[in-house]
Amino acid sequence: MRILCVAEKPSIAKAVANHLAGRVVTHNVNGTPYVKNYCFDYNFRQWGQSSVTFTSAQGHITSSDFGPRYKSWQSCLPIALFEADINTTIDDKMKPVAENIRQQSRYAQIVFIWTDCDREGEYIGSEIRDLAVAAKPGIQVKRARFSNIERNHVIQAAGNPVDLDERQVQAVAARIELDFRLGTAFTRMQTLALKPLVEQADPGYKVISYGSCQFPTLGFVVDRYLRVKNFKPEPFWYIKVSHKKDDINVNFTWSRGHLFDRMAVTIMFERCLAAKQAKVVEMLTKPTSKWRPLPLTTLELQKCGSRFLRMTGQEVMKHAEKLYTAGWISYPRTETDQFSKDMDLKKLVEKQQQSQQWGQYAEMLMGGGFNQPRVGRNNDEAHPPIHPVNFVVPTQLSEPEKRVYEFVTRRFLACCSEDAKGVSAELGIEWGVEKFNAKGLTVLQRNYLDVYPYDKWESSQQLPPFTVGETFIPMEAKITDGKTTAPSYLTEPELLSLMDANGIGTDATMHEHVEKIKDRNYVMTRSIGGSRAPAAVAESAETTRGGRGGRGRGRGGRGGAAATARGGSGMLEFIPTTLGVALIEGYDQVGFETSLGKPHLRKEMELQMKAICAGTKTKYEVVQQNLDQYRNVYSRSVQQIDVLKTAIRKYVLQQNVG
DNA sequence: GCAAGGTC
């Protein structure tokens, strides 16, 4: 038999071929430096001794475009793009890859597809199938099911081929068509209608783009901005109690937190005073632990990057990809936070023993400290969590790459460690009818914290020994007041979490949507507590900033204090530009629950894709249904374009429009 | 000049 195997990307082709082959002969492919053909013999369980060529695509092979009649922006009304013919062609860049698959198919009886086991991978598989079948009618098409590239797992997959899942293919086809039609139509419509207005304020302005991911992303930023802007501080009051014993001062927290009614607090306080004696009702210590982190996903890598490494998601991914292609870390785009049981993690820990920085810790793990990592809830069935695959001497890396590699490695070692252990103490008192409590923590074994300095868990001051039933008159007690504080602007980790929770983008693209809304000048970023942004919106926002910072108890902190409270300076916060606010507010007014700036429509589409995968809906139904719904949004937007224009004028040109 | 999804 002659078998043509095709992976989604060159790295998978190489890795799988090396697992299957005794000896591999590598051939270059004309026109592309990345894709190679790996030729070897292999005895398949189901097909017997075969001659194999293992090659790959480089992601998606085809792309969509409108016919010449619709290409020019002047050629038609944007709404025509809802049903204009779409040509699916092979991009110029992918021509050599496609030609290679065609040629190799001619020699083969079977094309065996090894794309990632996710929806997009299934679709790329269908592109490969179409090329193969066109080049060699009657060729048999099979697909490998694999979720990592461990040798045994790969051999299992090679011996148990399945069929392509046509439903997943159709689900992705629906997404592609809808994203394309809606993205292009709304982008043209709003650019043609609104650009002249925007240009009055910003002469070089290019395109006011709409996309099913970029707009909801912008919506999150605007939503938070409006909440900050419209925030009205409210005063509150609470009872503060402290007492000294054995020379240790204990501050108690009121079980009611705080109340917005001063008189009520006064009455409660007076009852406390009347009771005179406070009584200890609870004094217990119990073992506690701080859990080691979960295995690393892309989303978590990006969030930690902005918190601890002072990098944007975009930057972290750039360096992670470099480390991946150089062979230092595993594939950086994964949603999986569980290691498969058959993976040899100790072998990976062993390699880190060479490090000057964490080598000793790795040795400790090898010497018996090793613990199987926790198992998270996510598994994309395509990639393992991000982990170091080889040790690299720091001098071989650039400064930021070094930091990303260090984080990935420390995170991995932390995953393979023991939880941190400690003892928590809780002291509860009743004073009259009011309850107060105090907490203490003693850290006994730092364990994973020793290799993972990004987490903080420190012993607090010890509580003095109290016994249940003991009474005392509190040494200090008073009514204290505070003010609720405005929420802060959205940070990048928060934005990424919101996108994740609402299904906006994928692990591989989320950071691109964030970059896109910056690039379109819909939002800007600044360091928390750092220099102020030049935008007019940011300026007026400045006046609402005083007193933010303290969450819960009104500490009345200023911006600087807030920065430290939120994980250190250097982290970015997102502030919409006047244009960004205008677009979202405009669409909110035009549409009711179908505003383009809300995640609702995209969430809906995700559900419909799942329905196609489950077989309860067809691609045709989903596409038509969505087009109908968006046709509605489109015509309302055109009818009420003045609403959008007014919003733009109000913000961009700062005209008084009453 | 338009989208989002892959990947280098």
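Every chain is numbered from 1 and lettered A, B, ... according to where its sequence line falls, protein lines coming before strand lines. Since the structure is predicted, the reported quantities are computational estimates derived from the model, not experimental observations.
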A:Tyr210 near the nucleic acid: base, sugar-phosphate alone, or nothing, with a heavy-atom cut-off under 4.0 Å? sugar-phosphate
Aromatic ring centroids of A:Phe82 and A:Tyr634 under 6.0 Å? yes
So what does A:Lys9 touch, heavy atoms closer than 4.0 Å: a base, only the sugar-phosphate, or nothing? sugar-phosphate
Would you compute the distance between atom NZ of A:Lys516 and atom OG1 of A:Thr509 and round it to the nearest 0.5 angstrom? 11.0 Å
Under 4.0 Å between any heavy atoms, over every strand shown, what does A:Asp65 touch: base, sugar-phosphate, or nothing? Just pick one. base
Donor + acceptor pair across side chains of A:Gln170, A:Glu166 (<3.5 Å): yes
A:Gln58 side-chain proximity, nearest of B:dT7, B:dA4, B:dC8: B:dC8
Tell me what A:Arg602 touches on the nucleic acid: a base, only sugar-phosphate, or nothing, going by heavy atoms under 4.0 Å. sugar-phosphate
Do A:Trp73 and the base of B:dG1 stack face to face, with centres under 5.5 Å apart and an angle between planes under 30°? yes
Which residue pairs pass the side-chain hydrogen bond (donor to acceptor under 3.5 Å, both in side chains) test when at least one of the two sits in residues 204-213 of chain A, sequence neighbours left out? A:Asp179-A:Ser212, A:Ser209-A:Gln214, A:Ser209-A:Arg520, A:Ser212-A:Arg602
B:dA3 phosphate, OP1 or OP2: any side-chain N/O from A:Ser209 under 4.0 angstrom? yes
Counting the atoms with a prime plus P, OP1 and OP2 as sugar-phosphate, which does A:Gly505 contact under 4.0 Å by heavy atoms, base, sugar-phosphate, or nothing? sugar-phosphate
Side-chain N,O (A:His60) to OP1/OP2 (B:dA4) below 4.0 Å: no
If each of A:Ile176 and A:Glu321 is mapped to the nucleotide of DNA chain B with the nearest heavy atom, which maps nearer the 5' terminus, i.e. the 5' end? A:Ile176
Kindly write out the residues that satisfy ring-ring contact (aromatic ring centres under 6.0 Å, His included) with A:Tyr38, not counting sequence neighbours, or none if the list is empty. none
Interatomic distance, A:Met510 CE vs B:dG5 P [rounded to whole Å]: 10 Å
Does B:dG6 have its OP1 or OP2 closer than 4.0 Å to a side-chain nitrogen or oxygen of A:Thr506? yes
Rounded to whole Å, the OH-C1' distance (A:Tyr630 to B:dA3) equals 12 Å
Once you round it to whole Å, what is the distance between P of B:dG6 and CD of A:Glu8? 8 Å
Touch class at under 4.0 angstrom, heavy-atom based, for A:Lys195 against every strand present: base
Starting at CD of A:Glu512 and ending at C1' of B:dC2, how long is that distance when rounded to a whole Å? 16 Å
In whole angstroms, how far is the P atom of B:dT7 from the CZ atom of A:Arg333? 5 Å
Assess the side chains of A:Glu494 and A:Thr491: does a donor N or O sit below 3.5 Å from an acceptor N or O? yes
Winner on side-chain proximity to A:Thr191, out of B:dG1, B:dG5, B:dC2, is B:dG1
May I ask you to say what A:Pro33 touches in the nucleic acid, namely base, sugar-phosphate or nothing, with a heavy-atom cut-off under 4.0 Å? nothing
Ordered by number, residues from residues 382-392 of chain A within less than 4.0 Å of DNA chain B (heavy atoms) are none
With ring centroids as reference points, do A:Phe574 and A:Tyr225 lie under 6.0 angstrom apart? no
Has the side chain of A:His27 got a donor or acceptor atom that lies under 3.5 Å from a matching backbone atom of A:Cys39? no
How many whole angstroms separate atom CD of A:Glu177 from atom C1' of B:dA4? 14 Å
Check whether any side-chain N or O of A:Arg520 sits under 4.0 Å from OP1 or OP2 of B:dA3, and answer yes or no. yes
Going by atom types alone, do A:Asn378 and A:Asp337 pair a side-chain donor with an acceptor below 3.5 Å? yes
Judged by nearest nucleotide, the residue sitting upstream toward the 5' end of DNA chain B, A:Thr325 or A:Ser63, is A:Ser63
Measure the distance from CE on A:Met317 to C1' on B:dG6 and round it to the nearest whole Å. 13 Å
Measure from the side-chain heavy atoms of A:Tyr331 and tell me the nearest of B:dC2, B:dT7, B:dA4. B:dT7
Calculate the interatomic distance between A:Ile86 atom CD1 and B:dC2 atom P; express it in whole Å. 18 Å
